Amino acid sequence: MLDLFILVICGAILLGGILAVTVSGTLVASVSAGAAGLFASLGFLLLGAPDVAMAEAAIGSGLGIFIFLYALKKTGQSGRADE
Amino acid sequence: MTGRSIHVAVSLLALAGLALACARIVAGHVEPVALGELAAGYMRLSPEELTVPNVVTGILLAYRSFDTLGEVAVLFMVAASLGPLLQPMDGAPAPRPVRPMPPASEIVESGHHLLMPFIATFGAYVILNGHLSAGGGFQGGAIVASGVGLFMIVRVGTPVDTRALSVGESMAGVLFVAIGALGLVLGGGFLDPRILPGGELGRFVSGGTIPIVSALLGIKVAAELSVVLQRFRS
Amino acid sequence: MIGLPVSTLLIATGCGLIVLGFAAVLLHRNILRMIVGFSLVDTGVAIVLVASGYVKDGTAPILDADVTPDAVFVDPVNSALAVTAIVIGFSVTAMALAYAVRLYRLHGTLDVGAFTEGRG
Amino acid sequence: MIQILASLLILLGSFFVFSAGLGLLRMPDPLTRIQAGTKATTLGALLVLTGLSILHPERLLLYLLIVAFVFISNPISSHALARAAARRAARDDAASGDASDPA
């Protein structure tokens, strides 16, 4: 049962990473990178590192997306598929 | 567009090499059944010498606290250099006008009044209980900074006072280094936490200077991350 | 499920994330997409770092009241290093984003081709 | 008996959270997605935490705090999301009058 849970978490991390690389909009890409970080913090919890899990959840996926969104706003491409 | 296709081909080749190296790492990995010598030493020494049950905090704030100081210095340099980097430039072509953000609605504003005490209390709890349970200066500081981020979303027009934050941050940094120097004089080395009595393992007042250093680190990290957010917002 | 230990699975995931991040860095032309790739590499490195310190059936290295005397602990050094790596990764991302914003203000574009091509 | 009741509550809560995820995938536009996501997850979290507090009555205060936090933050965040989505939809309608090339 726990094995299945770990497999699901690994799949979710990789899915977030693949979406962050392949999707066409920068906004969606940065949010899915943050989602990968959030699932990674679940993985840290399973690996017995709650300190790292808290740091990743608060810094890596919380504040990281925050500054990405402000940078997207400053460069005027918040949303529609660019390129 | 041959240059582009050559670029893609070389990149794919490099990625294949990286993937091969990673596959070798994964294939060669064996899950250990016991701790290494260094880790076992830390697990034994941290409760005995420092009276700190959370060994990760013990490593971050006592055995390797010089690293932590350097890391906070890196954060400080980033926060300081973002100001000139993100300022509007004189000679550059005028940037496209960014649409101003609409003010937050009444529901979000009232909710922010309700939630802010929760977030601040939780951040302070995580900072101050870093030596007893999971958490510490970095994590709690990030939680407080995310509360500041909520404030920034709700009060669109109000800038956060970066100068006051810098003053508080510098005071915390000076006190951090002063405690470290005190350890050099009274204890066994820079940032030695044993200059205060250790106390009983697992009590709130224990671990020598580690709770104080953790609180200072939390103030520093929260202020620096808030300055980073404000620089990106302005 | 498939017989592999927990840490091997998560090391594989972290390595996959590193490769994906470098793919984004190498193949995208938009600078912001490259920075997204670098933050993926950050996350992957943290996962590999923590997973390589996992001990079989280990618990968190916190000696509070409900720890049995014969408990096995996870390597605390890797956890401490990973916390450091995450905070430094955040500040590196912030610097990179600031430079991207500055480049956009100077040239009006985020395409790397505009900065390299035409200069030989 | 008590354990069966608690497990049933947790199962029901998980079903609601699952249906929220299904709604996020299947609903056609942002506003209906937010509606599916918020209501079902709030109820699901309440049911799961009720079941857990029957199983562990000594942690009741902690679960009450979590329920309070979810009940404050979940509607507020989805309200902000819905407002942003409505604004964007209004702006797109206004923009589609002169420049009709969304590609």
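The structure displayed is predicted, hence computed values, not measured ones. As a basis for the values below, the full set of heavy atoms in this structure was taken, side chains included, without hydrogen atoms, waters or symmetry mates. Proteins get letters first, then strands, A, B, ... in listed order; numbering begins at 1 in each.
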Looking at C/L27, C/I18, C/V25, which makes the most heavy-atom pairs under 4.5 Å with chain B? C/L27

Can you tell me how far CZ of C/F22 sits from SG of B/C22, rounded to the nearest 0.5 angstrom? 9.0 Å

The reported gap from CZ in C/F90 to CD in B/E224 (rounded to nearest 0.5 angstrom) is 11.0 Å

Under a 4.5 Å heavy-atom cut-off, does chain B meet the side chain of C/L97, its backbone, both or neither? both

Using 0.5 Å steps for rounding, measure from the CD1 atom of C/I11 to the CD1 atom of B/I25. 8.0 Å

Which heavy atom in C/R102 sits nearest to a heavy atom in B/P84, and how many Å separate them? NH1-O, 3.7 Å

Can you name the closest pair of heavy atoms from B/L82 and C/A94 and give their distance? CD2-O, 3.9 Å

Where is the tightest heavy-atom contact between B/V26 and C/C15, given as atom of each residue plus distance? CG2-SG, 4.1 Å

Per-residue tally against chain C (heavy atom, under 4.5 Å) across B/V221, B/T68, B/L35 peaks at B/L35

Do C/T84 and B/L60 have side-chain heavy atoms sitting under 4.5 Å apart? yes

Taking all atoms of both residues into account, what is the closest heavy-atom pair of C/Y99 and B/L85, and its distance? CE2-CD2, 3.7 Å

Below 4.5 Å from any heavy atom of chain C, which atoms of B/V55 appear? Answer side chain, backbone, both or neither. both

Is the CZ atom of B/F76 crowded by more than 12 outside heavy atoms at less than 6.0 Å? no

Short side-chain to backbone donor-acceptor contact, B/R64 and C/A80, under 3.5 Å: no

Look at the side chain of B/E31 and the backbone N and O of C/S7, then say whether any donor-acceptor pair between them is shorter than 3.5 Å. yes

For C/P61 and B/M43, work out which heavy atoms get closest and say how close. CB-SD, 3.9 Å

At a 4.5 Å cut-off on heavy atoms, which part of C/V74 comes close to chain B: side chain, backbone, both, or neither? backbone

NE2 on B/H7 to CZ on C/R29, rounded to 0.5 Å: 8.0 Å

Check each atom of B/Y63 against the heavy atoms of chain C and say whether the ones under 4.5 Å are side chain, backbone, both or neither. neither

Is it the case that atom CZ in C/F38 sees more than 12 heavy atoms from other parts of the structure closer than 6.0 Å? no

Is it the side chain or the backbone of B/S133 that comes within 4.5 Å of chain C heavy atoms, both, or neither? backbone

Please classify the contact between B/V33 and chain C as side chain, backbone, both or neither, with a heavy-atom cut-off of under 4.5 Å. both

To the nearest 0.5 angstrom, please state how far the CG atom of B/L132 sits from the CD1 atom of C/I62. 9.5 Å

Are the side chains of B/P32 and C/K56 in contact, using a 4.5 Å heavy-atom criterion? no

Rounded to the nearest 0.5 Å, what separation is found between the CG atom of C/L63 and the CZ atom of B/R44? 13.0 Å

Closest non-hydrogen contact found for C/V55 with B/A34 is CG1-N, 3.8 Å

